[in-house]
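Residue numbers begin at 1 in each chain, while the letters A, B, ... track the order of the sequences.
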Amino acid sequence: MKIKIAKLVEDTFRNCVAGGLISAANLPYMEVEVPGNPEHGDYASNVAMVLASQVKQNPRKIAEIIQANLVDPENIIAKTQIAGPGFLNFYLKESVWQNTLCVIEEQKEEYGCLDIGGAQKVQVEFVSANPTGPLHIGHARGAVVGDVIANLLKTAGYSVDREYYINDAGNQMNNLGKSVLFRYRELLGEKIEFPENCYQGDYIKHVAQDIIEKAGSKYLAQNEEETIRNFTAIAGEVILAEIKDDLRDFGVMFDYYFSEKELYKNDGVAKLLDSLQKQEFIYSDGETLWFKTTAFGDEKDRVVVRKNGEPTYFAADIAYHLNKYSRGYKMIIDIWGADHHGYMPRLWAGIQALGQEKESLKIILVQLVNLLRAGEPVAMSTRSGEFVTLREVLDEVGKDAARYNFLMRRSDSHLDFDLEVAKKQSNENPVFYVQYAYARICSILKMAEERDIALPTYKDIDPYLLQETDEIKLMKIMARYPETIYGAARTLEPHRIPFYLNELAGVFHSYYNKNKVISDNKELTAARLFMMSTIRIVLQNALKILGVGSPEKM
RNA sequence: GCGCCUGUAGCUCAGUUGGAUAGAGCAACGGACUUCUAAUCCGUGGGCCGAGAGUUCGAAUCCCUCCAGGCGCACCA
């Protein structure tokens with residue numbers, strides 16, 4: 001609808017310019033918005049104000065010209081008004097809102113789906129925690145944000161893949177194997193001093209115990225390096241399987257798990273570095289190889305091959321991103337913890353050296369979660385084994401509440417997550433407010449069914465019976481749903497959807513308390529029942545994008 | 001020291017790429033169930049938008065300088 005109004009204003013503008021009424025070459029960026037105050041109309045445009053300086057005329061005067069020449073081929077405008085410093089306010093005909101009910105019925109689960117993506121291939125890479133321990137609360141936020149951004153883009157018409165990058169080739173993995181070996185020896189009666197830089201969580205002991213149960217003590221006699229490699233592989237596999245389980249129960253499913261090891265096959269990384277060296281993006285100082293990231297705005301050049309001959313994480317990461325592009329993705333979205341923000345210029349430099357546009361790689365920083373228990377900070381460290389796992393949060397708070405909690409905030413805002421508060425408030429969590437609205441509607445529809453009132457279609461009802469203030473409000477909010485999706489997808493800001501849902505549910509609850517849907521008035525009952533069914537569709541569509549359940553009973 | 005993020009009601013946060021009188025939830029207080037679910041609704045109070053200066057018709061939003069908190073500044077990932 002917003003787009004329609006904007007087009008209408010643009011067309012009018014062109015006509016006015018062609019007719020010599022306005023002397024302006026082109027239309028500057030103009031806005032069409034839903035005003036905060038309903039008295040300012042259904043939509044408002046600032047077109048006259050942005051034109052004022054160029055045309056050198058009073059904004060109100062310009063607004064008058066546009067108003068007088070307004071083209072309205074679909075005949076949707078009831079009236080217009082010039083207000084304030086030069087706003088042009090639009091009041092739409094009632095039939096426009098009623099018509100959205102019809103559109104929702106036609107489109108059902110497709111309502112809100114857009115085509116701005118043009119089926120372009122997009123990849124969202126997120127979580128990507130190395131499998132050295134279970135996922136914790138800190139990973140949860142990034143997991144949900146990535147998942148919902150993927151859902152959003154899909155809804156907006158992109159062809160989306162979700163990918164998890166498994167960092168299973170580095171030092172940390174070696175540490176993991178070592179940690180298991182220490183516990184292994186310990187469990188077999190050896191007295192050991194457990195090193196501080198090893199992983200100390202109980203899950204390491206479980207892995208060691210499993211190995212003992214399956215293979216006994218035979219590894220004690222074997223070559224240590226080989227054993228560590230073995231244990232690394234075993235532990236990595238076990239832990240990754242657990243990570244996948246946790247994610248699945250959190251409602252997050254990936255299309256691909258991409259192993260870092262894959263990049264090293266057939267000398268992939270080395271070949272890439274060779275080719276970059278030929279292009280003079282990489283130089284040697286005799287001991288190490290450096291990437292000239294400063295050529296693309298980084299503050300210093302970065303090492304890609306260490307003194308000891310091993311490539312850095314960065315080297316593999318360039319290869320990884322090249323691999324992404326070679327798989328045909330036109331837009332790549334990386335979701336990172338905000339503690340990695342310093343890494344952005346480096347990676348952007350990397351992909352630009354590969355000939356890719358900086359804009360094609362979008363990096364979403366998700367601020368770290370500040371975990372509290374009853375107001376006291378909880379230390380979080382995978383290595384020390386001190387952390388609250390995603391699994392625990394799922395058990396305590398529940399999937400829907402946890403997801404909604406993370407989705408309500410902008411991803412770049414810092415977030416306190418107090419476990420005690422989350423538990424205590426679980427019954428008054430905003431997610432229930434929305435789900436309750438859904439359940440109530442289901443309940444009404446069920447009641448109608450029990451009374452043998454058939455669910456009407458748009459053709460069966462008289463939409464002009466829906467005249468209550470809240471009924472008009474509900475229709476307007478529902479009409480705004482597609483543009484809400486549009487805005488959230490364009491800015492990659494999932495939090496807009498919970499806010500939208502909260503508003504829709506709020507007006508519904510208010511309406512519910514004031515009005516009976518099912519009454520003796522047959523025509524009115526039919527019209528209202530129909531509207532309930534459309535609200536249910538919108539709620540369900542939006543909740544689905546969030547990956548939050550829509551229960552029919554609560 | 002340098003860079004990035006944040007600062008809005010008592011608390012947690014929105015504020016649609018500069019718009020009209022800055023909003024919501026929670027908490028507080030007062031009301032509403034003989035009714036399609038009271039996990040709801042109705043009402044009341046609550047603000048120097050961190051501070052200061054600037055840009056213009058107009059600033060919570062943009063520029064600059066400070067202050068406070070968080071996170072980075074590896075041949076770790």
Side-chain angles (χ1 to χ4, degrees), chain A residues 2 29 31 33-37 39-40 44 46 49-50 52-53 58-59 83-87 89 128-130 132 167 169-173 175 260 287-290 299-300 302-314 316-317 337-345 365 367-368 370 405 408-410 412-416 418 421 425-433 435-437 439-448 450-451 480 483-484 486-488 490-491 493 495-496 498-499 502-503 505-506 508-519 525 528-529 532 553-554:
Chain A
K2 191 189 270 189
Y29 182 82
E31 274 172 24
E33 302 181 329
V34 178
N37 187 338
E39 283 171 28
H40 296 137
N46 65 349
M49 277 130 73
V50 298
S53 64
N58 183 315
F87 285 103
N89 296 339
S128 299
N130 54 7
T132 55
N167 300 145
N171 260 331
Q172 300 302 327
M173 290 302 287
N175 267 348
E260 185 180 354
E287 292 185 311
T288 62
L289 280 188
W290 294 79
E299 52 188 20
K300 54 179 272 198
R302 307 291 174 174
V303 172
V304 282
V305 177
R306 293 185 263 248
K307 216 181 291 185
N308 65 9
E310 279 181 32
T312 58
Y313 175 83
F314 177 48
D317 214 13
D339 53 340
H340 289 76
H341 64 82
Y343 190 76
M344 294 196 301
L365 294 178
Q367 281 295 338
L368 265 57
N370 189 23
N405 228 304
M408 277 178 8
R409 293 154 174 95
R410 307 176 56 97
D412 56 4
S413 78
H414 301 264
L415 158 62
D416 288 348
D418 193 312
V421 174
Q425 286 190 341
S426 63
N427 259 8
E428 49 201 45
N429 193 298
V431 70
F432 297 120
Y433 187 75
Q435 290 183 320
Y436 189 46
R440 270 182 154 174
I441 290 170
C442 291
S443 180
I444 295 169
L445 297 178
K446 198 174 161 214
M447 174 64 72
E450 278 166 12
R451 295 192 191 170
R480 247 172 48 212
E483 58 210 48
T484 303
Y486 174 76
R490 185 176 50 86
T491 57
E493 289 180 348
H495 75 275
R496 296 185 185 200
F499 277 89
N502 208 52
E503 189 184 350
F508 164 76
H509 283 309
S510 175
Y511 172 71
Y512 180 93
N513 273 274
K514 275 182 261 176
N515 305 91
K516 298 288 286 182
V517 171
I518 300 171
S519 65
T525 299
R528 288 182 170 175
L529 271 177
M532 290 305 113
K553 257 190 246 173
M554 283 177 76

Nearest-angstrom distance from the residue atom OH of A/Y512 to P of B/C33:
15 Å
B/G70 pyrimidine/purine six-ring stacking with A/H414, under 5.5 Å and 30°:
no
Remember a base hit wins even if backbone is also touched, and classify A/N502 as base, sugar-phosphate or nothing at under 4.0 Å, heavy atoms.
sugar-phosphate
Take atom CZ of A/F499 and atom C1' of B/G23, then tell me their distance rounded to the nearest Å.
10 Å
Which whole-number value in Å describes the distance from A/N515 CG to B/C42 P?
12 Å
Atom CG of A/D412 to atom P of B/C13: distance rounded to whole Å?
12 Å
Considering heavy-atom distances to RNA chain B, does A/L415 or A/K300 have its closest nucleotide positioned more toward the 5' end?
A/L415
Walk me through it: do A/L365 and A/D412 pass the test side chain to side chain contact (heavy atoms under 4.5 Å, CB included)?
CA-CA 6 Å; A/L365 294 178; A/D412 56 4; 5.8 Å; no
Phosphate-side-chain proximity, A/S510 and B/C42, N/O vs OP1/OP2 below 4.0 Å
yes
Base B/A14 to side chain A/H495, donor-acceptor N/O within 3.5 Å cut-off
no
Nearest whole angstrom, please: distance from the P of B/G58 to the CZ of A/F87.
14 Å
Residue whose nearest RNA chain B nucleotide is more 5′ - A/T491 or A/L445
A/T491
Just say parallel, tilted or perpendicular for the rings of A/Y343 and A/F314, cut-offs at 30° and 60°.
perpendicular
What interatomic distance, in whole Å, is found between P of B/G70 and the corresponding atom of B/U56?
38 Å
Assess, by modelled atom type and distance only, whether the side chains of A/R528 and A/Y511 contain a donor and an acceptor separated by less than 3.5 Å.
yes
Between A/N308 (CG) and B/C75 (P), how many Å, whole number?
12 Å
Pair pattern of RNA chain B in dot-bracket, where unpaired bases get dots and | marks partners in another strand, Watson-Crick or G-U under 3.5 angstrom:
(((((((..((((.....[...)))).(((((.......))))).....(((.(..]....).))))))))))....
Assign A/K514 to base, sugar-phosphate, or nothing according to its heavy-atom contacts below 4.0 angstrom with the strands shown.
nothing
Over how many whole Å does the gap from A/H341 atom NE2 to B/C4 atom C1' extend?
5 Å
Round to a whole Å and report the spacing from CG of A/L368 to P of B/G69.
19 Å
